[in-house]
Amino acid sequence: MGRVEVAAGDVESPAKGVAVASYPQNHQPMQMQPQFVGRPWTTGLFDCHLDQTNAVMTAFLPCVTFGQTAEVLDAGEMSCPLGSFVYMLMMPAVCSQWIMGSKYRTKLRNRYGLVEAPYSDVVSHLLCSCCALCQEFRELKARGLDPALGWNGIVAEQQYGTQPPPVQAMSK
């Protein structure tokens, strides 16, 4: 009574008679497929020297780099000054700026399918926030979204290229 029929090659759980594992008919264990974990970043976490202007700016004013990155990731919803102000307010409050930084790092990673490496987003911003901010800035720049231009500058650049917009004149 209550016995469950098990297909050939299945392993029974001795207690309940429910199949817990299955092997192919030739009784060879299946090979595991590697799981997709993400694409690599275009630069490493500690490659700040690749953009020295941004590295110096971030060393002295990390809130500005965060604001620029946040503006691009939010497609202009959060302005650079507002993002900078929020980050700056969180800095003296028990150094809690890593919360905002890791949130936006996760947003960037998810948007471009990047791997969470070499450390988790929280650890990157908790232990080396300036390096993490610089890496995020460089990643956006490498993808053609220069955070230093701001969202409106990026949109204008995509619309008109590197050429200035056509001259406009009023007719009489």
Please answer: with hydrophobic residues joined when any side-chain heavy atoms are less than 4.5 Å apart, are L108 and I99 in the same cluster? yes
Contacts satisfying ring-ring contact (aromatic ring centres under 6.0 Å, His included) that involve residues 117-149 (not counting sequence neighbours) are none
dist C131:SG -> L45:CG (nearest 0.5 Å) comes out at 5.5 Å
Give a yes-or-no answer on whether the side chains of E139 and T42 include a donor-acceptor pair shorter than 3.5 Å. yes
Distance col, row N54:CG vs Q68:CD, nearest 0.5 angstrom, shows 7.5 Å
Residues 46-80 vs ring-ring contact (aromatic ring centres under 6.0 Å, His included), sequence neighbours excluded, gives F66-Y87, F66-Y104
- Between the side chain of R105 and the main-chain N/O of E136, is any donor-acceptor distance below 3.5 Å? no
Those residues at least two apart in sequence (or on a different chain) that pass salt bridge (charged side-chain N to carboxylate O under 4.0 Å, His left out) with E116 are R109
Q) Heavy-atom count around M78 CE within 6.0 Å, excluding the residue itself: above 12? A) yes
Under 3.5 Å, is there a donor-acceptor pair between the side chain of S96 and the main chain of M90? yes
Run the side-chain contact (heavy atoms from CB on, under 4.5 Å) test on Q158 and L145 for me, step by step, so that the C-alpha distance in whole Å, both residues' side-chain angles and the decisive distance to 0.1 Å come before the verdict. CA-CA 9 Å; Q158 290 174 347; L145 303 170; 3.6 Å; yes
dist E71:CD -> I154:CD1 (nearest 0.5 Å) comes out at 7.5 Å
query: Same cluster or not: are L61 and V86 linked, directly or through other Ile, Leu, Val, Met, Phe, Trp or Tyr residues, by side-chain heavy atoms under 4.5 angstrom apart?
result: no
Query raised in the report: Between the side chain of W41 and the main-chain N/O of V115, is any donor-acceptor distance below 3.5 Å?
Result: yes
Quick one: do D47 and R138 make a salt bridge, cutoff under 4.0 Å? no
From the list D121, L126, L127, side-chain contact (heavy atoms from CB on, under 4.5 Å) partner of V123 resolves to L127
So OG of S129 and CD of Q97: to nearest 0.5 Å the spacing works out to 5.5 Å
I'd like to know whether K107 forms a side-chain contact (heavy atoms from CB on, under 4.5 Å) with D74, so could you lay out the CA-CA distance, the side-chain angles of the two residues, the decisive distance to 0.1 Å, and finally the verdict. CA-CA 9 Å; K107 191 173 194 173; D74 284 343; 2.3 Å; yes
dist L50:CG -> K141:NZ (nearest 0.5 Å) comes out at 11.0 Å
Looking only at heavy atoms, the pair that brings S124 and A132 closest together is O-CB, 4.0 Å
In this structure, CE of M100 is separated from SG of C63 (nearest 0.5 Å) by 12.5 Å
ask   = So L133 and T69, side-chain contact (heavy atoms from CB on, under 4.5 Å) or not? Walk me through it.
value = CA-CA 8 Å; L133 288 170; T69 303; 5.5 Å; no
For C48 and C134 the tightest heavy-atom approach is SG-CB, 3.8 Å
L140-L82 co-clustered via ILVMFWY side chain contacts under 4.5 Å: yes
